[in-house]
Amino acid sequence: MKVLCLGKLPSPLQERLKTEAKIESVTYVDRAAPLTDTEITAALSGMDIVLSEPQDNLSENILSRCQALRMVAQRAVGYDNVDLEYCNRSGILLSNTPGVLDNATADLAFSLLLCAARRIVEADRYVRAGLWHGFESDLLLGREISGKTLGIVGLGRIGEAMARRAWGFGLKIIYCRSAHKNSGTTEIELDEKDRRLAQSLGARRVSMEDLLKESDFISLHCPLKKETTNLIGAAELALMKNGCILVNTARGKVVEEKALVEAVTKGKIIAALDVFAQEPTVPPPLLNSPNTVLAPHIGSATDETRFAMAELAVNAVLQVLQGGLPANLVNPQIFESAVNKL
Ligand code: DGY
């Protein structure tokens, strides 16, 4: 059994891979920038299992050249970099890391919101540049967030963690759950979860269109899928209030980047972004705009959370090698047939 680990793995987990299963070799490929298709194909050659991260392109084109591969253990909750349909067709197991990064990611989303509303990055630069000469009552005035409306797109675990933070800060919360373009005007049937959120956080489920129109701030928390690619385009941005703060810690491609650049450049919205369509490329207008706060995909980047994510991935690998079904398998329907080939 040959395992490839893309990216750094904490040493206690390296140790577990060495000792807890019959693994012939574990190859570590660290990389600061995404590997090219040629590099990743070469690294995967002859490997049975890969531990991957969001920047690793595991498209059909790559996977089909890795005939030995039987499992992808993705160290992230999102797995849009992996062609799931191909994995299902070819008997490749795919696991991810749900549940352990909700608080860290919601913390970052909320921080981005506060940074944008209170101009914290600008203030830091101002002080460092030696521009501060004393208290002024109108210096770097920001926007109050309490009492304003936060719209959350995608109310899964991370979206709900964001809603809890918003409640604590006195925001009004509205949300839409199934993030589909044009899910607009159809009648919404509230279920148990909606009633629970209404009761505990005063959160109100609305259509996507109403969310776009009513929110002072919008935070995106939906996974990237076919239906959510370019979910926020020019039309959606136009519906937003002038000066709306758009926070994205989900995936860059949920927003049509060209339209986003235009909206930011025109001052229609403020964008607080942790993710981009073609990471690590950030469009220069976003870099140069006073209407952006930018972070390098660090939503889950705390010591504790990144360790927990790596641990979940290693657990899934070890479990599969021992013939067990990990709870965090994305395609459990192919488990029986796939596990026999390992
Ligand atoms: C995820 O888990 O999908 C994040 O983007 C990386 O932590």
Side-chain angles (χ1 to χ4, degrees), residues 102-103 105-118 142-225 227-228 230-251 254-256 259-260 263 268-275 293 299:
D102 310 339
N103 284 326
T105 308
D107 282 348
L108 189 89
F110 211 83
S111 308
L112 287 171
L113 171 60
L114 286 171
C115 275
R118 297 302 305 271
R143 288 156 69 183
E144 195 89 22
I145 68 162
S146 63
K148 301 277 170 53
T149 299
L150 172 69
I152 300 178
V153 176
L155 219 287
R157 283 178 298 257
I158 302 174
E160 195 172 333
M162 182 69 174
R164 284 197 299 272
R165 281 149 182 78
W167 182 79
F169 276 73
L171 282 145
K172 293 180 198 128
I173 304 159
I174 56 178
Y175 63 95
C176 54
R177 274 170 58 182
S178 50
H180 286 269
K181 236 184 173 126
N182 311 326
S183 66
T185 46
T186 44
E187 192 70 11
I188 296 168
E189 255 185 55
L190 301 184
D191 64 15
E192 206 35 59
K193 179 170 181 175
D194 298 311
R195 282 188 278 276
R196 173 171 64 74
L197 290 166
Q199 213 167 41
S200 56
L201 305 174
R204 184 164 54 91
R205 184 168 170 190
V206 297
S207 69
M208 173 88 167
E209 190 176 327
D210 287 346
L211 182 140
L212 295 169
K213 287 181 183 161
E214 288 179 33
S215 301
D216 299 294
F217 317 124
I218 295 176
S219 193
L220 305 177
H221 295 284
C222 52
L224 178 65
K225 302 182 193 171
E227 315 85 73
T228 58
N230 293 334
L231 180 74
I232 306 294
E236 289 70 27
L237 288 159
L239 286 180
M240 291 178 193
K241 287 185 182 175
N242 290 336
C244 176
I245 296 175
L246 176 66
V247 179
N248 190 2
T249 53
R251 284 292 183 267
V254 172
V255 184
E256 202 191 308
L260 176 75
K268 163 80 186 171
I269 64 155
I270 313 278
L273 308 170
D274 183 45
V275 288
V293 176

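None of these values were measured; they are calculated from a predicted model.
Scored by the side-chain hydrogen bond (donor to acceptor under 3.5 Å, both in side chains) test, Lys213 finds Glu209 as partners (sequence neighbours excluded). Residues meeting the side-chain contact (heavy atoms from CB on, under 4.5 Å) test with Val275, sequence neighbours left out: Asn248, Glu279, His297. Listed by chain and residue number, nothing satisfies the salt bridge (Lys or Arg N to Asp or Glu O under 4.0 Å) test with Lys193 (two or more places apart in sequence, or in another chain). Judged as a salt bridge (Lys or Arg N to Asp or Glu O under 4.0 Å), and not counting sequence neighbours, the contacts of Arg196 are Glu160. Partners of Asp107 under the salt bridge (Lys or Arg N to Asp or Glu O under 4.0 Å) rule, at least two apart in sequence or in another chain, are Arg165. In this structure, Glu189 has no salt bridge (Lys or Arg N to Asp or Glu O under 4.0 Å) partners at least two apart in sequence or on a different chain. For the side-chain contact (heavy atoms from CB on, under 4.5 Å) test, residues two or more places apart in sequence or in another chain that qualify with Ala263 are Leu237, Lys268, Ile269.
The shortest heavy-atom contact between Leu201 and Ala163 is CD1-CB, 3.7 Å. Here the closest non-hydrogen pair linking Cys115 and Val293 is CB-CG1, 4.1 Å. Across every non-hydrogen atom of Pro223 and Thr228, the tightest pair is O-OG1, 2.7 Å.
Among Arg204, Lys172, Lys241, the one residue that satisfies the salt bridge (Lys or Arg N to Asp or Glu O under 4.0 Å) test with Glu214 is Arg204.
Under the 4.5 Å side-chain criterion, counting only non-hydrogen atoms from C-beta, Thr105 is not in contact with Met162. Counting only heavy atoms from C-beta outward, the side chains of Leu212 and Ile232 approach each other to under 4.5 Å. The shortest side-chain heavy-atom distance between Leu231 and Glu236 does not fall under the 4.5 Å cut-off. Within the 4.5 Å cutoff, the side chain of Arg164 has heavy atoms near those of the Asn103 side chain. Side-chain atoms of Leu197 and Tyr175, non-hydrogen and from C-beta on, do get closer than 4.5 Å to each other. Contact check for Leu108 versus Asp274: side-chain heavy atoms found under the 4.5 Å cut-off. The side-chain heavy atoms of Cys222 and Val254, taken from C-beta on, include a pair separated by under 4.5 Å. A heavy-atom distance below 4.5 Å is not found between the side chains of Ile174 and Asp210.
Checked by atom type and distance alone, the side chain of Asn230 never pairs as donor or acceptor with a backbone atom of Gly233 at under 3.5 Å. With hydrogens and angles disregarded, no donor-acceptor distance shorter than 3.5 Å links the side chain of Ser215 to the backbone of Ile218.
Put simply, SG on Cys176 and CD1 on Ile188 are 8.0 Å apart, with the number rounded to the nearest 0.5 Å. Expressed to the nearest 0.5 Å, how far OG of Ser219 lies from CD1 of Ile158 amounts to 10.0 Å.
Contacts classified as ring-ring contact (aromatic ring centres under 6.0 Å, His included) and involving residues 143-169 (residues at least two apart or in different chains) are given here: Phe110-Phe169.
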Report, one line per pair, each donor and acceptor closer than 3.5 Å where one atom sits in a side chain of residues 143-157; sequence neighbours left out.
| unit_1 | atom_1 | unit_2 | atom_2 | d |
| --- | --- | --- | --- | --- |
| Arg143 | NH1 | Gly243 | O | 2.6 |
| Arg143 | NH2 | Gly243 | O | 3.3 |
| Lys148 | NZ | Glu144 | O | 2.8 |

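A salt bridge links Asp194 with Arg177; the closest basic N to acidic carboxylate O contact falls under 4.0 Å.
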